[in-house]
**Student:** 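Pasting in a structure now, in C-alpha coordinates, and then I'll have a few things to ask.
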Amino acid sequence: MTDKVVVITGGSRGIGRATAIAAAARGFRIVVGYASNKTAADEVVAAIEASNGKAIAVKCDVAEESDILALFKAADGFGTLGALVNNGGIVGTSGVRVDEMSAERIQRVMAVNVTGSILCAREAVKRMSTRHGGQGGVIVNLSSVAAKLGAPNTYVDYAASKGAIDSFTVGLGHEVAGEGIRVAGIRPGLIDTEIHAAGGEPDRAHRLAHMVPMKRVGTADEVANAIVWLMSDDASYVTSAILDVSGGR
Ligand code: NAP
(Lines give C-alpha, C1' and ligand atoms only; values in the text may rest on other atoms or scores of the structure.)
Protein backbone atom coordinates (compact mmCIF):
# COMPACT_ATOMS: atom_id res chain seq x y z
CA MET A 1 0.00 0.00 0.00
CA THR A 2 1.11 3.55 -0.69
CA ASP A 3 -0.46 6.94 -0.30
CA LYS A 4 1.56 8.41 -3.14
CA VAL A 5 0.02 10.03 -6.18
CA VAL A 6 -0.27 8.28 -9.53
CA VAL A 7 -0.93 10.30 -12.66
CA ILE A 8 -2.88 8.31 -15.24
CA THR A 9 -3.30 9.93 -18.64
CA GLY A 10 -6.54 8.85 -20.27
CA GLY A 11 -7.81 7.67 -16.90
CA SER A 12 -11.41 8.41 -17.82
CA ARG A 13 -12.20 5.34 -19.92
CA GLY A 14 -11.04 1.84 -20.87
CA ILE A 15 -7.69 0.59 -19.56
CA GLY A 16 -6.92 3.90 -17.84
CA ARG A 17 -10.22 3.83 -15.96
CA ALA A 18 -9.64 0.25 -14.81
CA THR A 19 -6.09 1.17 -13.74
CA ALA A 20 -7.33 4.17 -11.77
CA ILE A 21 -9.79 2.03 -9.82
CA ALA A 22 -7.27 -0.79 -9.24
CA ALA A 23 -4.53 1.62 -8.11
CA ALA A 24 -6.93 3.45 -5.79
CA ALA A 25 -7.79 0.12 -4.17
CA ARG A 26 -4.07 -0.25 -3.40
CA GLY A 27 -3.99 3.14 -1.68
CA PHE A 28 -2.68 5.40 -4.44
CA ARG A 29 -4.16 8.90 -4.72
CA ILE A 30 -5.28 9.11 -8.33
CA VAL A 31 -4.98 11.97 -10.80
CA VAL A 32 -7.41 11.02 -13.57
CA GLY A 33 -6.30 12.73 -16.77
CA TYR A 34 -8.88 13.04 -19.54
CA ALA A 35 -8.81 14.58 -23.01
CA SER A 36 -12.42 15.77 -23.36
CA ASN A 37 -14.83 13.40 -21.62
CA LYS A 38 -15.27 15.20 -18.28
CA THR A 39 -18.39 13.18 -17.48
CA ALA A 40 -16.47 9.90 -17.70
CA ALA A 41 -13.57 11.30 -15.65
CA ASP A 42 -15.91 12.58 -12.95
CA GLU A 43 -17.57 9.17 -12.83
CA VAL A 44 -14.19 7.50 -12.19
CA VAL A 45 -13.47 9.98 -9.38
CA ALA A 46 -16.90 9.32 -7.87
CA ALA A 47 -16.38 5.53 -8.03
CA ILE A 48 -13.01 5.85 -6.27
CA GLU A 49 -14.40 8.18 -3.60
CA ALA A 50 -17.33 5.82 -3.02
CA SER A 51 -14.72 3.22 -2.03
CA ASN A 52 -13.00 5.69 0.32
CA GLY A 53 -10.19 6.40 -2.15
CA LYS A 54 -8.84 9.78 -3.19
CA ALA A 55 -8.97 11.08 -6.76
CA ILE A 56 -9.19 14.24 -8.83
CA ALA A 57 -9.96 14.70 -12.52
CA VAL A 58 -7.78 17.01 -14.61
CA LYS A 59 -8.26 17.85 -18.29
CA CYS A 60 -5.13 17.00 -20.25
CA ASP A 61 -4.78 16.49 -23.99
CA VAL A 62 -1.25 15.07 -23.98
CA ALA A 63 -0.63 16.60 -27.41
CA GLU A 64 -0.62 19.98 -25.62
CA GLU A 65 2.47 20.67 -23.51
CA SER A 66 0.60 23.33 -21.53
CA ASP A 67 -2.03 20.73 -20.56
CA ILE A 68 0.73 18.37 -19.39
CA LEU A 69 2.30 21.08 -17.24
CA ALA A 70 -1.13 21.82 -15.72
CA LEU A 71 -1.71 18.10 -15.08
CA PHE A 72 1.51 17.74 -13.11
CA LYS A 73 0.92 21.01 -11.27
CA ALA A 74 -2.42 19.62 -10.11
CA ALA A 75 -0.65 16.42 -9.08
CA ASP A 76 1.88 18.45 -7.05
CA GLY A 77 -1.00 19.92 -5.07
CA PHE A 78 -2.41 16.46 -4.38
CA GLY A 79 0.64 14.78 -2.78
CA THR A 80 4.00 13.18 -3.61
CA LEU A 81 4.20 11.66 -7.07
CA GLY A 82 4.96 7.94 -6.97
CA ALA A 83 3.96 6.76 -10.43
CA LEU A 84 2.96 7.78 -13.94
CA VAL A 85 0.89 5.61 -16.26
CA ASN A 86 1.32 6.83 -19.83
CA ASN A 87 -1.99 5.41 -21.01
CA GLY A 88 -3.79 8.05 -23.07
CA GLY A 89 -3.60 7.00 -26.70
CA ILE A 90 -5.39 7.10 -30.01
CA VAL A 91 -5.72 5.23 -33.29
CA GLY A 92 -6.52 6.75 -36.64
CA THR A 93 -9.31 5.31 -38.75
CA SER A 94 -8.81 1.56 -39.14
CA GLY A 95 -8.22 0.03 -42.58
CA VAL A 96 -6.20 2.90 -44.06
CA ARG A 97 -3.01 2.00 -45.95
CA VAL A 98 0.14 4.08 -45.60
CA ASP A 99 -0.21 5.27 -49.20
CA GLU A 100 -3.58 6.78 -48.23
CA MET A 101 -2.59 8.48 -44.96
CA SER A 102 -2.69 12.24 -44.47
CA ALA A 103 0.17 14.07 -42.80
CA GLU A 104 -2.30 15.44 -40.23
CA ARG A 105 -3.37 11.94 -39.18
CA ILE A 106 0.20 10.68 -38.77
CA GLN A 107 1.27 13.80 -36.89
CA ARG A 108 -1.68 13.58 -34.51
CA VAL A 109 -1.02 9.90 -33.71
CA MET A 110 2.65 10.64 -33.04
CA ALA A 111 1.89 13.79 -31.03
CA VAL A 112 -0.50 11.97 -28.69
CA ASN A 113 1.06 8.52 -28.45
CA VAL A 114 4.77 9.37 -28.61
CA THR A 115 5.53 13.03 -27.85
CA GLY A 116 2.82 13.18 -25.19
CA SER A 117 4.20 10.11 -23.40
CA ILE A 118 7.77 11.43 -23.50
CA LEU A 119 6.75 14.85 -22.18
CA CYS A 120 4.72 13.30 -19.35
CA ALA A 121 7.71 11.11 -18.47
CA ARG A 122 9.92 14.22 -18.44
CA GLU A 123 7.66 15.83 -15.85
CA ALA A 124 7.51 12.63 -13.79
CA VAL A 125 11.31 12.17 -13.81
CA LYS A 126 11.80 15.78 -12.67
CA ARG A 127 9.67 14.98 -9.63
CA MET A 128 10.57 11.35 -8.82
CA SER A 129 14.30 11.10 -9.64
CA THR A 130 16.65 11.07 -6.67
CA ARG A 131 18.91 13.17 -8.91
CA HIS A 132 16.34 15.95 -8.50
CA GLY A 133 15.66 15.33 -4.80
CA GLY A 134 12.73 12.97 -5.41
CA GLN A 135 11.91 9.69 -3.70
CA GLY A 136 11.89 7.45 -6.78
CA GLY A 137 8.88 5.92 -8.50
CA VAL A 138 7.57 3.97 -11.45
CA ILE A 139 6.61 4.85 -15.02
CA VAL A 140 4.42 2.42 -16.97
CA ASN A 141 4.08 3.06 -20.71
CA LEU A 142 1.17 1.60 -22.71
CA SER A 143 2.48 0.06 -25.90
CA SER A 144 0.60 -2.51 -28.00
CA VAL A 145 1.25 -5.87 -29.63
CA ALA A 146 0.83 -3.79 -32.80
CA ALA A 147 4.44 -2.71 -32.17
CA LYS A 148 5.48 -6.28 -32.98
CA LEU A 149 2.84 -7.11 -35.62
CA GLY A 150 3.00 -3.79 -37.52
CA ALA A 151 -0.78 -3.63 -38.09
CA PRO A 152 -0.59 -3.79 -41.91
CA ASN A 153 -3.71 -2.55 -43.73
CA THR A 154 -5.09 -1.43 -40.37
CA TYR A 155 -3.03 1.39 -38.82
CA VAL A 156 0.70 1.10 -39.42
CA ASP A 157 1.18 4.65 -38.09
CA TYR A 158 -0.25 3.57 -34.73
CA ALA A 159 1.94 0.45 -34.69
CA ALA A 160 5.00 2.60 -35.39
CA SER A 161 4.06 4.95 -32.56
CA LYS A 162 3.97 1.99 -30.18
CA GLY A 163 7.30 0.73 -31.51
CA ALA A 164 8.68 4.12 -30.51
CA ILE A 165 7.19 3.65 -27.04
CA ASP A 166 8.98 0.30 -26.68
CA SER A 167 12.35 1.94 -27.50
CA PHE A 168 11.52 4.77 -25.12
CA THR A 169 10.75 2.31 -22.30
CA VAL A 170 14.10 0.57 -22.70
CA GLY A 171 16.13 3.77 -23.05
CA LEU A 172 14.50 5.81 -20.30
CA GLY A 173 14.61 2.81 -17.99
CA HIS A 174 18.38 2.61 -18.38
CA GLU A 175 18.74 6.38 -18.06
CA VAL A 176 17.04 6.57 -14.64
CA ALA A 177 17.76 3.08 -13.25
CA GLY A 178 20.26 4.52 -10.77
CA GLU A 179 17.86 7.27 -9.70
CA GLY A 180 15.14 5.21 -8.03
CA ILE A 181 12.83 5.07 -11.03
CA ARG A 182 11.70 1.90 -12.75
CA VAL A 183 10.26 2.14 -16.27
CA ALA A 184 8.19 -0.66 -17.77
CA GLY A 185 5.97 -1.21 -20.77
CA ILE A 186 2.76 -3.11 -21.30
CA ARG A 187 1.81 -4.49 -24.72
CA PRO A 188 -1.92 -5.22 -24.62
CA GLY A 189 -3.46 -7.39 -27.32
CA LEU A 190 -7.13 -7.18 -28.32
CA ILE A 191 -8.80 -5.56 -25.34
CA ASP A 192 -12.52 -4.87 -25.09
CA THR A 193 -12.62 -1.04 -24.92
CA GLU A 194 -14.04 1.84 -26.95
CA ILE A 195 -10.76 2.44 -28.82
CA HIS A 196 -11.95 0.13 -31.61
CA ALA A 197 -15.09 2.23 -32.11
CA ALA A 198 -12.86 5.31 -32.22
CA GLY A 199 -11.02 3.64 -35.11
CA GLY A 200 -14.36 3.15 -36.87
CA GLU A 201 -14.70 -0.58 -36.17
CA PRO A 202 -16.45 -1.19 -32.82
CA ASP A 203 -16.47 -4.97 -33.29
CA ARG A 204 -12.78 -5.26 -34.25
CA ALA A 205 -11.55 -6.99 -31.09
CA HIS A 206 -14.32 -9.60 -31.14
CA ARG A 207 -14.00 -10.15 -34.90
CA LEU A 208 -10.31 -11.01 -34.49
CA ALA A 209 -10.62 -12.98 -31.25
CA HIS A 210 -10.20 -16.29 -33.09
CA MET A 211 -6.62 -15.24 -33.98
CA VAL A 212 -5.66 -15.02 -30.30
CA PRO A 213 -4.11 -18.24 -28.95
CA MET A 214 -6.44 -17.98 -25.93
CA LYS A 215 -9.37 -17.50 -28.39
CA ARG A 216 -10.85 -14.49 -26.61
CA VAL A 217 -10.44 -10.75 -26.16
CA GLY A 218 -8.96 -9.38 -22.96
CA THR A 219 -10.59 -7.05 -20.47
CA ALA A 220 -9.41 -3.66 -19.29
CA ASP A 221 -9.19 -5.12 -15.77
CA GLU A 222 -6.77 -7.80 -16.96
CA VAL A 223 -4.44 -5.09 -18.30
CA ALA A 224 -4.90 -2.93 -15.21
CA ASN A 225 -3.89 -5.84 -12.96
CA ALA A 226 -0.58 -6.11 -14.82
CA ILE A 227 -0.04 -2.34 -14.61
CA VAL A 228 -0.59 -2.16 -10.85
CA TRP A 229 1.73 -5.13 -10.38
CA LEU A 230 4.46 -3.28 -12.29
CA MET A 231 3.79 -0.25 -10.08
CA SER A 232 4.15 -2.32 -6.91
CA ASP A 233 7.24 -3.31 -4.94
CA ASP A 234 6.55 -6.90 -6.04
CA ALA A 235 8.10 -5.78 -9.35
CA SER A 236 11.10 -4.14 -7.63
CA TYR A 237 13.71 -5.72 -9.96
CA VAL A 238 11.74 -5.05 -13.18
CA THR A 239 12.87 -2.16 -15.34
CA SER A 240 13.34 -1.48 -19.06
CA ALA A 241 11.07 -4.50 -19.53
CA ILE A 242 7.93 -4.87 -21.63
CA LEU A 243 5.16 -7.30 -20.70
CA ASP A 244 2.72 -8.71 -23.27
CA VAL A 245 -0.85 -8.90 -21.92
CA SER A 246 -2.34 -10.39 -25.04
CA GLY A 247 -3.59 -13.94 -24.53
CA GLY A 248 -0.48 -15.12 -26.38
CA ARG A 249 -0.96 -12.95 -29.46
P1 NAP B 1 -10.06 4.07 -24.97
O2 NAP B 1 -11.04 3.16 -24.35
O3 NAP B 1 -10.32 4.65 -26.32
O4 NAP B 1 -9.78 5.27 -23.93
C5 NAP B 1 -8.84 6.23 -24.31
C6 NAP B 1 -8.49 7.08 -23.13
O7 NAP B 1 -7.43 7.96 -23.55
C8 NAP B 1 -9.65 7.96 -22.69
O9 NAP B 1 -9.56 8.13 -21.30
C10 NAP B 1 -9.39 9.25 -23.44
O11 NAP B 1 -9.89 10.42 -22.77
C12 NAP B 1 -7.87 9.28 -23.44
N13 NAP B 1 -7.33 10.08 -24.53
C14 NAP B 1 -7.69 10.09 -25.85
N15 NAP B 1 -6.99 11.02 -26.51
C16 NAP B 1 -6.17 11.61 -25.60
C17 NAP B 1 -5.28 12.69 -25.66
N18 NAP B 1 -5.04 13.35 -26.80
N19 NAP B 1 -4.65 13.06 -24.52
C20 NAP B 1 -4.91 12.42 -23.36
N21 NAP B 1 -5.75 11.41 -23.23
C22 NAP B 1 -6.40 11.01 -24.34
O23 NAP B 1 -8.61 3.37 -25.09
P24 NAP B 1 -8.01 2.06 -24.39
O25 NAP B 1 -8.34 0.90 -25.24
O26 NAP B 1 -8.32 2.03 -22.95
O27 NAP B 1 -6.44 2.33 -24.63
C28 NAP B 1 -5.59 2.81 -23.61
C29 NAP B 1 -4.16 2.59 -24.05
O30 NAP B 1 -3.94 1.22 -24.31
C31 NAP B 1 -3.80 3.32 -25.35
O32 NAP B 1 -2.48 3.83 -25.24
C33 NAP B 1 -3.87 2.24 -26.39
O34 NAP B 1 -3.06 2.52 -27.50
C35 NAP B 1 -3.41 1.04 -25.60
N36 NAP B 1 -3.84 -0.24 -26.18
C37 NAP B 1 -5.17 -0.57 -26.24
C38 NAP B 1 -5.54 -1.78 -26.82
C39 NAP B 1 -6.96 -2.24 -26.94
O40 NAP B 1 -7.24 -3.24 -27.63
N41 NAP B 1 -7.92 -1.57 -26.31
C42 NAP B 1 -4.56 -2.62 -27.35
C43 NAP B 1 -3.24 -2.24 -27.27
C44 NAP B 1 -2.89 -1.05 -26.69
P45 NAP B 1 -11.42 10.91 -22.99
O46 NAP B 1 -12.27 9.97 -22.19
O47 NAP B 1 -11.43 12.30 -22.45
O48 NAP B 1 -11.71 10.83 -24.45
**Student:** One pair to check against side-chain contact (heavy atoms from CB on, under 4.5 Å): C120 and N86. What are the steps and the verdict?
**Tutor:** CA-CA 7 Å; C120 285; N86 263 325; 3.3 Å; yes
**Student:** Tell me the closest heavy-atom pair linking Y34 and S12, and the distance in Å.
**Tutor:**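 Between these two residues, the closest heavy atoms are CB-OG, 3.4 Å.
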**Student:** Got a second to check how far F168's CZ is from S143's OG, nearest 0.5 Å?
**Tutor:**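 Rounded to the nearest 0.5 Å, the CZ-OG separation comes to 12.5 Å.
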**Student:** Identify the heavy atoms of V45 and A55 that sit nearest to each other, and give their distance.
**Tutor:**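 Closest pair (atom of V45, atom of A55, distance): CG1-O, 3.5 Å.
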**Student:** Is it true that V138 and I118 fall in one hydrophobic cluster, defined by side-chain heavy atoms closer than 4.5 Å?
**Tutor:**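 No, no single cluster joins them.
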**Student:** Would one find more than 12 heavy atoms of other residues, nucleotides or ligands at under 6.0 Å from atom NZ of K73?
**Tutor:**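 For K73, atom NZ is not crowded (no more than 12 foreign heavy atoms under 6.0 Å).
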**Student:** Is the closest side-chain heavy-atom distance between V228 and F28 below 4.5 Å?
**Tutor:**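 No - every pair of side-chain heavy atoms lies 4.5 Å or more apart.
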**Student:** Between CG of D157 and CG of N113, what distance do you get to the nearest 0.5 Å?
**Tutor:**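 Going from the CG atom of D157 to the CG atom of N113 covers 9.0 Å.
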**Student:** With side chains defined as the heavy atoms from C-beta onward, is the minimum distance between L190 and R204 less than 4.5 Å?
**Tutor:**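 Yes; the side chains approach each other to less than 4.5 Å.
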**Student:** Provide the closest heavy-atom pair for E100 versus G95 in the form atom of the first, atom of the second, distance.
**Tutor:**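 Looking at all heavy atoms of both residues, the shortest contact is OE1-O, 4.2 Å.
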**Student:** To check you understand the geometry: which heavy-atom pair defines the closest contact between G178 and T130, and what is its length?
**Tutor:**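 Looking at all heavy atoms of both residues, the shortest contact is O-OG1, 4.2 Å.
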**Student:** Just by modelled atom types, is the P152 backbone N or O under 3.5 Å from a matching donor or acceptor in the T154 side chain?
**Tutor:**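 Yes: the side chain of T154 pairs with the backbone of P152.
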**Student:** Side chains of I139 and V125, heavy atoms from C-beta outward: is any pair under 4.5 Å?
**Tutor:**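 Yes. Closest side-chain heavy atoms under 4.5 Å.
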**Student:** Under the criterion side-chain contact (heavy atoms from CB on, under 4.5 Å), I'd like the reasoning laid out for L142 against I165: C-alpha separation, chi angles, the key distance, then a yes or no.
**Tutor:** CA-CA 8 Å; L142 268 292; I165 287 300; over 6 Å; no
**Student:** Ignoring hydrogens and geometry, is there a side-chain-to-backbone donor-acceptor pair from S51 to G53 under 3.5 Å?
**Tutor:**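 Side chain of S51 to backbone of G53: no pair is present.
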**Student:** With a 4.5 Å cut-off on side-chain heavy atoms, are I68 and C60 touching?
**Tutor:**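 Yes, close enough: below the 4.5 Å cut-off.
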**Student:** Got a sec: does the CZ of R122 have more than 12 other heavy atoms crowding it under 6.0 Å?
**Tutor:**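 Atom CZ in R122 is packed in, count exceeds 12.
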**Student:** Would you check if E123 and L81 make a side-chain contact, meaning some heavy-atom pair closer than 4.5 Å?
**Tutor:**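 In short, these two side chains do not touch, never coming nearer than 4.5 Å.
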**Student:** Take D203 and R207 through the salt bridge (Lys or Arg N to Asp or Glu O under 4.0 Å) test and state the conclusion after the steps.
**Tutor:** CA-CA 6 Å; D203 197 37; R207 181 173 62 78; over 6 Å; no
**Student:** Does the pair R108 and D61 meet the rule for a salt bridge (Lys or Arg N to Asp or Glu O under 4.0 Å), with working shown?
**Tutor:** CA-CA 11 Å; R108 178 72 184 166; D61 175 346; 3.1 Å; yes
**Student:** Within this structure, what is the CD1-OG1 distance for the pair I8 and T19, rounded to the nearest 0.5 Å?
**Tutor:**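 Between atom CD1 of I8 and atom OG1 of T19 there are 5.5 Å.
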**Student:** Before you tell me yes or no, could you show the steps for R29 and I56 under side-chain contact (heavy atoms from CB on, under 4.5 Å), namely the whole-Å CA-CA distance, both residues' side-chain angles and the distance that decides it to 0.1 Å?
**Tutor:** CA-CA 8 Å; R29 300 163 72 87; I56 54 172; over 6 Å; no
**Student:** With a sphere of 6.0 Å drawn around NZ of K59, does it hold more than 12 non-hydrogen atoms of other residues, nucleotides or ligands?
**Tutor:**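 Result for NZ/K59: enclosed.
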**Student:** Cluster question for you: counting only ILVMFWY and a side-chain heavy-atom cut-off of under 4.5 Å, with indirect links fine, are V91 and V96 together?
**Tutor:**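 In one cluster with V91: V96, no.
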**Student:** Between K148 and D166, is the salt bridge (Lys or Arg N to Asp or Glu O under 4.0 Å) condition met? List the steps.
**Tutor:** CA-CA 10 Å; K148 298 193 297 182; D166 285 357; over 6 Å; no
**Student:** Check the hydrophobic clustering (I, L, V, M, F, W, Y; side-chain heavy atoms under 4.5 Å; chains of links allowed) and say if I242 and I191 are grouped together.
**Tutor:**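 No, it is not one cluster - the side chains of I242 and I191 are not joined through contacts under 4.5 Å.
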**Student:** Show the nearest heavy-atom pair for residues P188 and S246, with the distance to one decimal.
**Tutor:**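 P188 and S246 have their closest heavy atoms at C-CB, 4.4 Å.
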**Student:** Can you confirm whether the side chains of T169 and N141 place a donor and an acceptor under 3.5 Å from each other?
**Tutor:**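 Indeed, the side chains of T169 and N141 share at least one donor-acceptor pair under 3.5 Å.
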**Student:** With rounding to the nearest 0.5 angstrom, report the CZ to NZ distance, R187 to K162.
**Tutor:**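 Between R187 CZ and K162 NZ, I get 12.0 Å after rounding to 0.5 Å.
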**Student:** Out of curiosity, R182 CZ to D233 CG, how far, rounded to the nearest 0.5 Å?
**Tutor:**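 Rounded to the nearest 0.5 Å, the CZ-CG separation comes to 7.0 Å.
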**Student:** Is the shortest heavy-atom distance from the side chain of E43 to the side chain of R17 under 4.5 Å?
**Tutor:**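 A side-chain contact under 4.5 Å exists here.
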**Student:** What pairs with E64 under salt bridge (charged side-chain N to carboxylate O under 4.0 Å, His left out), at least two apart in sequence or on another chain?
**Tutor:**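 Salt bridge (charged side-chain N to carboxylate O under 4.0 Å, His left out) check on E64 returns nothing, list empty.
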**Student:** Can a donor-acceptor pair be found, under 3.5 Å and without considering hydrogens, that links the side chain of K215 to the backbone of H210?
**Tutor:**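 Yes, because the side chain of K215 sits within donor-acceptor range (under 3.5 Å) of the backbone of H210.
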**Student:** Just verifying a value: how many Å separate I15 CD1 and I186 CD1, rounded to the nearest 0.5 Å?
**Tutor:**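 Reported value, rounded in 0.5 Å steps: 9.0 Å.
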**Student:** Are any of the side-chain heavy atoms of R105 and Y155 separated by less than 4.5 Å?
**Tutor:**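 Touching, per the 4.5 Å side-chain cut-off.
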**Student:** Of all the heavy-atom pairs spanning A63 and V112, show the shortest one and how long it is.
**Tutor:**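 Result for this residue pair: CB-CG2, 4.0 Å.
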**Student:** Should the heavy atoms of other residues, nucleotides or ligands under 6.0 Å from CD of E49 be counted, would the total exceed 12?
**Tutor:**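 For E49, atom CD is crowded (more than 12 foreign heavy atoms under 6.0 Å).
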**Student:** Side-chain heavy atoms under 4.5 angstrom apart, residues restricted to Ile, Leu, Val, Met, Phe, Trp, Tyr: same cluster for M128 and F72?
**Tutor:**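 Same cluster: M128 reaches F72 through Ile, Leu, Val, Met, Phe, Trp or Tyr contacts under 4.5 Å.
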**Student:** Could you see if V31 belongs to whatever hydrophobic cluster contains I227? Use Ile, Leu, Val, Met, Phe, Trp, Tyr and a side-chain cutoff under 4.5 Å.
**Tutor:**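 The answer is no; the residues belong to distinct hydrophobic clusters.
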**Student:** Running the 4.5 Å side-chain criterion over Ile, Leu, Val, Met, Phe, Trp and Tyr, what cluster does V145 land in, apart from itself?
**Tutor:**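 Direct or chained contacts put V145 with L149.
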**Student:** Given side-chain contact (heavy atoms from CB on, under 4.5 Å), test I21 with I48 step by step and report yes or no.
**Tutor:** CA-CA 6 Å; I21 288 168; I48 289 170; 4.2 Å; yes
**Student:** Would you say that R216 contacts V212 through its side chain, given a criterion of any heavy-atom pair below 4.5 Å between the two side chains?
**Tutor:**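 Side-chain contact under 4.5 Å: no.
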**Student:** When you measure from the side chain of N87 to the backbone of T9, do you find a donor-acceptor pair of N or O atoms at a distance under 3.5 Å?
**Tutor:**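 Side chain of N87 to backbone of T9: a pair is present.
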